[in-house]
Structures are given as C-alpha cells and as structure tokens.
Amino acid sequence: MEKTFDMIALSILWLICCIPLVTVGASTTALYYAVNKSWKQDNGYIASAFFHGFRMSFKPALGLWILIGAMTFVFQLIMGIISA
C-alpha cells in the first residue's frame, strides 16, 4: 500500500512540475529516476529523490526540449499547419 501512495505522490509531483511546458523533459526524467530509486533501493524519500533527479537533468533536458520544439515549429511551417 505504501508503494501505491508513493507512486500517486510522484505522479502529482510530475504533473505539478510539468505545468510550465518547458520542464516536461526534466520532470519525466526525474520521475523515472525517483521510481527506479524507490523500487531498487526501497528508499522512502520520494520527494527528495524526485527533486534531486529534476536538478540533475534540468539543463540537458531543457536543451533537448528546446531543440525538439524548434524542429516541431519548422516542420509545422513546412507542412503549412501554421503560418509565420
């Protein structure tokens, strides 16, 4: 039952941190990090593991997310979905 509540808490943390769309990649990476740490090491500190993973992956995920966003914008311009 404890693991279930931990996963619900992690899902809520992920949702809150994804509200600014720029941080979706870092939030997803932090969620993966915290879930793996929780299941493998049976560590009870879910929130601290989530925010540690978020801080570790923020810069690389932000760079990748900006690249994906730019590529998506260019693709939509080429396809004529949006107009500049």
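Residues take their numbers from the sequence shown, with the count starting at 1.
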Pairwise distance [atom1]([X]) to [atom2]([Y]) - rounded to 0.5 angstrom:
X	Y	atom1	atom2	result
Thr28	Phe54	OG1	CZ	10.0 Å
Trp14	Thr29	CH2	OG1	11.5 Å
Leu13	Asp6	CG	CG	10.5 Å
Lys37	Ile46	NZ	CD1	10.5 Å
Cys18	Leu31	SG	CG	8.5 Å

* Asked: Is the backbone N or O of Ser38 less than 3.5 Å from a side-chain atom of Lys3, with the two atoms forming a donor-acceptor pair by type?
  ->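 Side chain of Lys3 to backbone of Ser38, a donor-acceptor pair under 3.5 Å: yes, one is there.
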* **Same apolar cluster: Met7 and Met1, side chain cutoff 4.5 Å** =>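 In one cluster with Met7: Met1, no.
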Please output the side-chain donor-acceptor pairs of residues 55-79 that fall under 3.5 Å, not counting sequence neighbours, one pair per line with the distance.
unit_1, atom_1, unit_2, atom_2, d
Ser57, OG, Gly53, O, 2.9
Trp65, NE1, Leu21, O, 2.9
Thr72, OG1, Ile68, O, 2.8

* Return the minimal non-hydrogen interatomic distance between Ala30 and Phe50, and the atom names on each side. =>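 Shortest heavy-atom contact: CB-O, 3.3 Å.
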